[in-house]
Participant: 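Below is one structure. I have some questions about it.
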Amino acid sequence: MSALLVIDVQNDFCPGGALAVPEGDQIVPGINALMQDAEAVILTQDWHPAAHSSFASQHDGEDPFGMIEMPYGPQVLWPDHCVIGSHGSAFHADLNTDCAEIVVRKGFRRDIDSYSAFFENDHRTPTGLEGYLKTRGITSLTLVGLATDFCVAFSAIDAARLGFDTTVRLDLCRAIDLDGSLARMKSDMVRSGVVLS
Ligand code: VGL
Ligand code: ZN
């Protein structure tokens with residue numbers, strides 16, 4: 001059985017949002033269409049407390065898009081985004097969320113970020129999605145959403161490592177592309193066995 005995994009199609013990642021991904025909203029109609037044919041639909045939602053440690057605003061003298069060292073490794077600092085319950089954290093109004101069988105929220109612990117839908121940024125703390133998929137007999141995943149080079153790529157690489165047949169539909173993703181991150185993450189995905197289509 002296969003599932004469509006829709007990553008973080010939220011207002012803050014769309015034009016006008018706090019961490020807007022160029023053309024982030026343009027993928028919504030295509031994702032809605034793909035949902036109609038999917039055997040199962042899973043949505044993820046970036047979901048941060050207001051004082052989340054990935055926010056540059058929480059670190060004196062640091063600016064958004066800088067890097068810091070966290071106990072679990074290097075971390076990009078972001079503008080405040082996807083604060084729990086805010087308009088920015090809501091799904092894009094045109095996304096057909098009715099199809100979703102489960103919504104996985106991530107990044108809700110103040111001290112650790114979570115790009116991947118499977119593990120937080122320590123690459124150890126599970127979200128529970130692996131168990132959900134495996135107990136449902138889902139073996140194959142198609143990923144779409146935002147952003148290609150962060151949450152989509154981290155999720156796809158973890159999915160492939162966990163043994164799922166994993167495809168990323170690049171036409172239904174858009175990237176932040178910070179310091180060459182898109183090219184780097186595309187090659188990391190291919191190296192991990194992710195099919196880019
Ligand atoms: C994301 C940066 C910070 C994403 C989430 O959805 O790709 N990127 N939080
Ligand atoms: Zn985030």
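Along the sequence shown, residues carry numbers from 1. Indexing begins at 1, ligand by ligand and atom by atom, following the structure's order.
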Participant: Closer than 2.8 Å to the Zn ion (ligand 2), what protein N/O/S atoms do you find?
Facilitator: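 Listed by chain and number, the atoms are Asp46 OD2, His48 NE2, His81 NE2.
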Participant: For atom 1 (C) of ligand 1, grab the closest protein heavy atom and report residue, atom and distance to one decimal in Å.
Facilitator: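 Result for atom 1 (C) of ligand 1: Cys151 SG, 3.2 Å.
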Participant: Heavy-atom contact under 4.0 Å between Gln10 and ligand 1?
Facilitator: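 No.
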Participant: Looking at Glu120 and Lys106, is any side-chain nitrogen of the basic one under 4.0 Å from a carboxylate oxygen of the acidic one?
Facilitator: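 Salt bridge absent between Lys106 and Glu120.
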Participant: Please check if atom NE2 in His87 has more than 12 non-hydrogen atoms from other residues, nucleotides or ligands closer than 6.0 Å.
Facilitator: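 For His87, atom NE2 is not crowded (no more than 12 foreign heavy atoms under 6.0 Å).
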Participant: Ala147 heavy atoms, cut-off 4.0 Å: which ligand 1 atoms fall inside?
Facilitator: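 Answer, ordered by atom number: 4 (C), 6 (O), 7 (O).
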Participant: Is the closest basic N to carboxylate O distance between Asp149 and Lys186 below 4.0 Å?
Facilitator: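 Not counted as a salt bridge, because no side-chain N and carboxylate O are separated by less than 4.0 Å.
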Participant: Are the side chain of Gln10 and the backbone N or O of Asp46 linked by a donor-acceptor pair below 3.5 Å?
Facilitator: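 Side chain of Gln10 to backbone of Asp46, a donor-acceptor pair under 3.5 Å: yes, one is there.
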Participant: Minimum heavy-atom separation for Leu129 and Thr127, please, with both atom names.
Facilitator: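 Residues Leu129 and Thr127, closest heavy atoms: N-OG1, 3.2 Å.
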Participant: Closest approach of Ile27 and Asp171, non-hydrogen atoms and distance?
Facilitator: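 Result for this residue pair: CG2-O, 4.0 Å.
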Participant: Is the gap between the ring centers of Phe55 and His81 under 6.0 Å?
Facilitator: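 For Phe55 and His81, the ring centres are under 6.0 Å apart.
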Participant: In terms of residue, atom name and distance, what is the protein heavy atom nearest to atom 5 (C) of ligand 1?
Facilitator: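 The closest one turns out to be Asp46 OD2, 3.2 Å.
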Participant: Would you check, one step at a time, whether the test salt bridge (charged side-chain N to carboxylate O under 4.0 Å, His left out) holds for Asp111 with Arg109?
Facilitator: CA-CA 6 Å; Asp111 294 330; Arg109 291 190 180 87; over 6 Å; no
Participant: If I take atom CD1 from residue Ile31 and atom OG1 from residue Thr142, how far apart are they, to the nearest 0.5 angstrom?
Facilitator: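 It comes to 12.0 Å.
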Participant: Which atoms from ligand 1 have a heavy atom of His81 less than 4.0 Å away?
Facilitator: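 So the atoms of ligand 1 that pass are 3 (C), 9 (N).
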Participant: Have a look at Trp78, Phe154, Phe150 and point out the one with the heavy atom closest to atom 2 (C) of ligand 1.
Facilitator: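 That would be Trp78.
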Participant: Under 4.0 Å from a heavy atom of Phe13: give me the atoms of ligand 1 that qualify, with their elements.
Facilitator: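 Near Phe13, the atoms of ligand 1 are 1 (C), 4 (C), 5 (C), 6 (O), 9 (N).
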Participant: Report, in ascending order of atom number, the atoms of ligand 1 lying under 4.0 Å from any heavy atom of Leu146.
Facilitator: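 Those qualifying, in numeric order: 4 (C), 6 (O), 7 (O).
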Participant: Set out, in order, the CA-CA distance, both residues' side-chain angles and the distance that settles side chain to side chain contact (heavy atoms under 4.5 Å, CB included) for Asp113 and His48, then state yes or no.
Facilitator: CA-CA 9 Å; Asp113 205 2; His48 299 310; 3.3 Å; yes
Participant: Tell me, which protein residue and heavy-atom name are nearest atom 6 (O) of ligand 1, and how many Å apart are they?
Facilitator: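 I find the closest protein heavy atom is Asp8 OD2, 2.7 Å.
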